[in-house]
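As structure tokens, the structure follows; a few thoughts come after it.
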Amino acid sequence: MVIYINYAVTVPWEAFTAEIRSKVRFHPILVIRGLPGEGGAHTLARLAKSLGRVDSTDVTAPDEGNRLVHAVQARDEPIRDDHGFPILSTTNADFPCHTDDYFEANPSDLVILQCVHQASAGGDSLAATVDDIIAHLDSATLDLLARPLFPSHFGLVPILQEHATEWRIRYNRVEIERSAQRLTVPVQLECVGALDRLDRAIEQVKTRIALTPGDCLILDNHRVVHGRTAFERGSKRLFRRVKVYT
């Protein structure tokens, strides 16, 4: 379920951020309507810092010069990662649902995405909660996905984990396949089947979120997978991204 909050300049900043903190704790998908878009990288960074420690390690394209805020946009020539693979967020292609930092030992807790310029067609955000996803998976698939059988840049990891009273997810099908290729560790056939069933479950429950300039999407990176539909080549679509450890 997506929760919407309207930003109003008449509300004191401290009261506004206190409301966001309280909502984020219980709602894994949150949209803030109307946060300043143009010239708003500072405002987004300020919001992120009110939620926790901002991760700036992969801000390779700072927005408005702000070293905490990454500018996400398609390029004529996609940027490649350290292993030579194209980074999907720098293309206009469909970006399947995933969690951020799959390739990190300690993924960030929150991902914040703000729309600055939307695409004229396509480019909608997609999101699905882990609770909705696992409701469409059988017990055998859940068991496989909860075992450390899936390649990452730092070894084999589980896709699903029970953490206290909740399920958590770490997932990026593209990165799994790239890690398997780079490390020459093929994904077992039964695991491929489990991933296929996981993808089908995501397709069944994912929500499409059309963000307009100023809208800000806050996602629990342990409980939500997110993605993006394709959009036209040469689009001026621009989003800001901030990652936070709470």
Interatomic distance, [X] atom [atom1] to [Y] atom [atom2] [nearest 0.5 angstrom]:
X: Lys206; Y: Leu126; atom1: NZ; atom2: CG; answer: 5.0 Å
X: Glu203; Y: His136; atom1: CD; atom2: NE2; answer: 12.0 Å
X: Glu166; Y: Asp220; atom1: CD; atom2: CG; answer: 7.0 Å
X: Ser125; Y: Asp215; atom1: OG; atom2: CG; answer: 9.5 Å
X: Arg75; Y: Glu77; atom1: CZ; atom2: CD; answer: 11.0 Å
X: Arg200; Y: Ile133; atom1: CZ; atom2: CD1; answer: 14.0 Å

For the backbone of [Y] and the side chain of [X], can you confirm whether one donor and one acceptor N or O come within less than 3.5 Å of each other?
X: Asp81; Y: Phe85; answer: yes
X: Asp101; Y: Ser108; answer: yes
X: Thr229; Y: Asp124; answer: yes
X: Thr90; Y: Ile79; answer: yes
X: Thr129; Y: Asp132; answer: yes
X: Arg240; Y: Ile112; answer: no

Would you say [X] and [Y] make side-chain contact, with heavy atoms under 4.5 Å?
X: Tyr4; Y: Leu30; result: no
X: Asp196; Y: Val192; result: yes
X: Tyr171; Y: Leu195; result: yes
X: Ser120; Y: Glu232; result: yes

**Study point:** Lys243 with Asp58: basic N within carboxylate O range, under 4.0 Å
**Key:**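 A salt bridge links Lys243 with Asp58.
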
Check your understanding: Salt bridge check: are Asp199 and Arg173 linked by an N-O gap of less than 4.0 Å?
Key ->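 Salt bridge flag = yes for Arg173 with Asp199.
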
Exercise for review: Using the side-chain contact (heavy atoms from CB on, under 4.5 Å) rule, take Ile202 and Val225 through it: C-alpha gap first, then chi angles, then the decisive distance, then the call.
Suggested key: CA-CA 8 Å; Ile202 292 172; Val225 294; 4.2 Å; yes

**Study point:** His222/Ile169 under side-chain contact (heavy atoms from CB on, under 4.5 Å): CA gap, chis, key distance, verdict
**Key:** CA-CA 5 Å; His222 303 297; Ile169 185 168; over 6 Å; no

Determine, using the 4.5 Å side-chain heavy-atom cutoff (strictly less than), whether [X] and [Y] are members of one ILVMFWY cluster.
X: Tyr7; Y: Val244; value: yes
X: Leu183; Y: Phe103; value: no
X: Leu110; Y: Ile5; value: yes
X: Val111; Y: Leu68; value: no
X: Leu35; Y: Val72; value: no

How about [X] and [Y]: does a side-chain donor come under 3.5 Å of a side-chain acceptor?
X: Thr57; Y: Asp55; value: yes
X: Thr99; Y: Arg170; value: no
X: Asp100; Y: His226; value: yes

Quick check: closest heavy atoms across [X] and [Y], and the distance to 0.1 Å?
X: Pro96; Y: Leu88; value: CD-CD1, 4.2 Å
X: Leu44; Y: Cys216; value: CD1-SG, 3.7 Å
X: Ile134; Y: Leu160; value: CG2-CD1, 4.0 Å
X: Pro213; Y: Gln118; value: CD-OE1, 3.0 Å
X: Thr91; Y: Phe231; value: O-CZ, 3.9 Å
X: Arg33; Y: Ala210; value: NH1-O, 4.1 Å

Which side-chain N or O atoms in residues 144-159 pair as donor and acceptor under 3.5 Å with protein atoms at least two apart or in another chain?
unit_1, atom_1, unit_2, atom_2, d
Ser152, OG, Phe154, N, 3.2
Ser152, OG, Gly155, N, 3.3
Ser152, OG, Gly155, O, 2.6
His153, ND1, Ser179, OG, 3.0

Exercise for review: Please step through side-chain contact (heavy atoms from CB on, under 4.5 Å) for the pair Asn221 and Leu219, ending with a clear verdict.
Suggested key: CA-CA 6 Å; Asn221 195 42; Leu219 303 166; over 6 Å; no

**Study point:** Stacked cation flag Arg237 on Phe239, 6.0 angstrom / 45 deg
**Key:**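 The answer is yes; both the distance and angle limits are met.
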
List, one per line, each side-chain donor-acceptor pair under 3.5 Å for residues 18-25, sequence neighbours excluded.
unit_1, atom_1, unit_2, atom_2, d
Arg21, NH1, Ser50, O, 3.3
Ser22, OG, Glu19, O, 2.7

Exercise for review: Taking atom CD of Gln161 as the centre, report whether more than 12 heavy atoms of other residues, nucleotides or ligands fall under 6.0 Å from it.
Suggested key: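 Counting neighbours around CD of Gln161, 12 or fewer heavy atoms of other residues, nucleotides or ligands fall under 6.0 Å, so no.
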
Exercise for review: May I ask you to check whether over 12 heavy atoms, not counting those of Asp76, lie within 6.0 Å of atom CG?
Suggested key: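 Check fails, neighbour count at 12 or below.
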
Practice item. Decide side chain to side chain donor-acceptor pair (under 3.5 Å) for Arg197 and Thr141; before the verdict, give the C-alpha distance in whole Å, the side-chain angles of both, and the deciding distance to 0.1 Å. Key: CA-CA 8 Å; Arg197 292 188 289 277; Thr141 299; 2.7 Å; yes

Exercise for review: Quick one: sort the Trp13 and Phe16 rings into parallel, tilted or perpendicular, breaks at 30° and 60°.
Suggested key: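 The rings of Trp13 and Phe16 sit tilted, inter-plane angle from 30° to 60°.
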
Exercise for review: Please lay out, stage by stage, how Leu198 and Leu137 fare under the test side-chain contact (heavy atoms from CB on, under 4.5 Å).
Suggested key: CA-CA 7 Å; Leu198 174 61; Leu137 297 173; 4.1 Å; yes

